[in-house]
Structures are given as C-alpha cells and as structure tokens.
There are 2 protein chains.
Amino acid sequence: MKQPGSSTSERMLETAGRLFADRAFDSVSTREIAAAAEVNLSAISYHFHNKEGLYRAVFEKIVRDLKPVRVSLALILENQLAAASDDRNAYAETVTLFVSRLVDSAISPVTRWRMRLIKREIEMPTDCFQIIMEGHINVIHDLLGILISKISGESPTTENVRLEAMSILAICLQYALNEEMVKARMGWSDIGPGEIEGIKIAMAEMVLRSLNLGDYIDRVRIE
Amino acid sequence: MKQPGSSTSERMLETAGRLFADRAFDSVSTREIAAAAEVNLSAISYHFHNKEGLYRAVFEKIVRDLKPVRVSLALILENQLAAASDDRNAYAETVTLFVSRLVDSAISPVTRWRMRLIKREIEMPTDCFQIIMEGHINVIHDLLGILISKISGESPTTENVRLEAMSILAICLQYALNEEMVKARMGWSDIGPGEIEGIKIAMAEMVLRSLNLGDYIDRVRIE
DNA sequence: AGACCAAGTTCAAACGATTGACCCAGTAAA
DNA sequence: TTTACTGGGTCAATCGTTTGAACTTGGTCT
C-alpha cells in the first residue's frame, strides 16, 4: 500500500533502492520497480529519464540521507578536540564512542540497505562510485584518519594512517555487510540488539588494542 | 585464441568465472560466455545443463582450486604447534606469516577473481553460498580461530575468538576485494608488489597489536 | 584393412519470453 | 495552463533454452 505522506518520486527512490540493494542492477526490471512502488512504468522516464538515472538518483539520495551519520561522527571528534587534548584515557573513550557509532550506523535497519548498496558500488564500481566516494566515504575515512593521527602522532596523510583507517572501517562495517556469513559463522539466526552489543564491545576492544590503547579498555564503558 | 591444453568445459569454467567475477549473474549472458570461451552456445546446456549449473560448477572448481591456500595456512599452524609451544615471540612470527600469506592469497593475480566471486556470494548469497562456506571459508576461519585461541588462552569456540577471527580476515582481505576504493583512498594507480609489501607490514603490525603481541613487532621480519 | 555404427561433442538456427525505452491520449490538482 | 502523473500500447533488442543436424571418435564386424 502506498505511503500517504510520500511523493511519487520519493516512493520510487526508496523502493528502487531496496530492490537494487537486494539484487543487481540488471536483475531488477523497471516493471518490477514500478509495481513495487505502486507507480506507473512511465514515471521512471518522467522523473529520472532512465533506469540509470533512477539508479544515480538513489545514490544521490543516499548521500543526503546519510548526512546525520557524517555529522554524528564529526561531532564525536569535535568534542574530543575541544576537551582534554592529549589525555590517552580520553582518546580511548573517543575511539570507543566512534566505533560504537560506526557499528550502529551500518547495522541499523534504517541504513542497512543503503550500506549494502554502497558496498556493491565499491566492489563493482559504476558511474555512481564517484558520487558515494566524494559524498560519504571520503568524509568518514578522513575523520577516522584525523583521530588516528591524533593518537599515534603521525600525520593524517601518512600511508600507514590511511591503511589503519581503512582497516578499522572494514572491521566495524563487516557485520552489516557480510550478514549471512556472520550468522553462519556465529550460529546466530539473526543479528539483533543483543548481538550488536557484543559486536560493539569486541570491536571497540580490538580497535583500542590496535591503536596501542589496550590498557584503557577496562576504564571505558559503552553507553 | 583457444588454450590448446584445456578442454571445452575447463575453458568454459575459467572464462565464465572471470566474467561472473566482473559482473553480476544476470548481467553476463550465456552468449557472451560462449563467445569468450570460444565455445558453442549449446555447450552450456550440454555440459552444465543450465546457466545456473555452470555458475555452481564454477564455485565447485574454485573450492578445488583454492585447496593449496587452505593447505598452506594449515601448515603454518602445524609448524607452530610442533615447535615452541608457548613462546610469545614464536606466536608473533606465526601470526606475521599467517597474515602475510592471507594477503597474498587474496591479492595474487591467480586467485583475485576467485576471491571476488566468493565475496559476492557472501554479500548476495545464492545456492552456492553453502558450497563456498563449507568448502573454503569455514576451514580458514577455524584455522585462524585456533591460532587466536592459542595466543589468548580462550577456547576457539568462544564468541570473542570467532569475532576476532572474522575481523582479522576482513582487514587482510579488504585490499583485494575493495580494490577501487583502496586505490582511490591511497592515491595508487595500481596495487603492485610494492604496495602489497606495505599492506602486509601494516596489517601484520595491526593484527599483532590487536592480539596483544605489539611488543614483538620489531623482532619480526616479513620474508 | 576397410566398412560400419553408436556415443560423445559441437554446430547453426530458431523458440517464446522478457527487457528498457518510447509514445500518446487522458486525468486530476494547483 | 502548467505540472504531475496514469494507462495502455508498441518497438527492437536481447535473454535462456531447445532443436536437430553435423561432425568426431573409438570400437566392432566382415
């Protein structure tokens, strides 16, 4: 049934996004999108010119939708920089919070299909790769790079810092993106709130140790 | 031109595998596969019954092809267990070797397209998910779990050990699987031998620190 | 040795179904 | 009148699969 508050194009973007997240571009037909969005087939060419145009519009909307995630992560850093400047215990808290927020942002039901779509674009890039890279990924990577450079003392442009940032992101986001494998390996039937809590703690500890902040693990709580 | 030594079905499996690794199942047409493998279109239904049958056969072959990887990683562990049993310096060496071999196994030109195909099946599972899970992934995850449990003292069946094993694999394999993003973030035009060397060192150090073996980093060389 | 045959394999051609795109007349609200 | 659609239809292109004939091969019979 149609969502009453949403316009036709918004409904199309949402529905098409979910379908594209589940299956590949070519596997989703325009007729299926139109039917699922309860929209006429012609609406695609009317609003987005093309199937490709619709696909691109989905990504542009994703970048807009994920702005709260970018802002939220930026604020964590900002607060840290404003507070105790070189306290390693404070760094540990910042890292813990950052990791917790990252896991949440990937695994939350609101953002999950968007993250899967982004992941697909990273693995099999199309024209939309640049959109998502410039609009979202670079921002988050840079933020994490700044945090790491503060802790390690290296410049954020260092090759090492960039590699570590990518690695931390990889382990924080893997649970949302490799859902079926995680469930198979962990023997979980679903990744619910309880499992997410466990993931957060394990990841925060692992990241802290990898940043030489392992001594501060017990002093930090995940709220 | 046709490879002289390879049979029709072997050529089809190799060619189809590469095509499926590049693009989604539905995006690769049977005609394209046949043309690329220099094989008649009907050869697909003759040898594999179906397009799906060909896809499945590709995965069964991948599991067979990757046996050397599994054996190689198992040998590293076996040698460790045979040698000094509780020497943390030896553990650090084992971990370093294990990580180095993991990175190699993912990024080597021989295995790269196979890894990408596996990754796709993990993200968007089909009937072949089980094949690759039981035939390859479970083996490697279990091996890494054993190594971690030796080092940490926890049981290999612990939730924590399994989560750490998944994370270590995620960061070791990300470079091969997110090639375009890595190049974009690192400013590399290609991931060559020099870059791989840097990745190996950074990853080994990171994994060592995350396993509380950070003190042994400088004593370990990557050969 | 030469004729023969059946199984295994490859071939060109065609099948029905589905695809994305396009078109245009009609409608309802602003 | 303009904007935002709906509904129905057509189009060429491409899809996975099937068909039946042709070719290749190895063994058997005369």
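All values below come from the heavy atoms of this structure, side chains included, with hydrogens, waters and symmetry mates left out. Below, chain A is the first sequence line, B the second, and so on; all start at residue 1. Quantities reported herein were computed from a predicted structural model and do not represent experimental measurements.
Look at CZ on A/Phe48: it is 12 Å from P on D/dA4, rounded to the nearest Å. At whole-Å resolution of the value, CD1 in B/Ile33 and C1' in D/dT14 are 15 Å apart. Put simply, OH on B/Tyr46 is 5 Å from C1' on C/dT9, counting in whole angstrom units. Computed from coordinates, the B/Arg11 CZ to C/dT10 C1' distance equals 11 Å when rounded to whole Å. With rounding to whole Å, B/Asn40 atom CG is found 12 Å from D/dT19 atom C1'.
A salt bridge links B/Arg18 with B/Glu14: the closest approach of a Lys/Arg side-chain nitrogen to an acidic carboxylate oxygen falls below 4.0 angstrom. In this structure, B/Arg116 does not pair ionically with B/Glu179, as no charged nitrogen and carboxylate oxygen lie closer than 4.0 Å.
Under 3.5 Å, the side chains of A/Ser167 and B/Tyr175 contain a donor-acceptor pair of N or O atoms.
Looking at heavy-atom distances under 4.0 Å, B/Ala43 makes no contact with the nucleic acid at all.
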Fill in: Contact state string [nucleotides 18-30 of chain C, B base, S sugar-phosphate only, - no protein heavy atom under 4.0 Å]
-BBB-B-------

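B/Asn40 places a side-chain N or O within 3.5 Å of a backbone atom of B/Ser42 that can act as its donor or acceptor partner.
Not one side-chain nitrogen or oxygen of A/Thr8 sits closer than 4.0 Å to the OP1 or OP2 atom of D/dA4. A sub-4.0 Å separation between OP1 or OP2 of D/dA4 and a side-chain N or O of A/His47 is absent.
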Worksheet item: So B/Arg120 and B/Asp22, salt bridge (charged side-chain N to carboxylate O under 4.0 Å, His left out) or not? Walk me through it.
Response: CA-CA 10 Å; B/Arg120 170 116 50 80; B/Asp22 277 348; over 6 Å; no

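Under the 4.5 Å side-chain criterion, counting only non-hydrogen atoms from C-beta, B/Arg23 is not in contact with A/Asp26.
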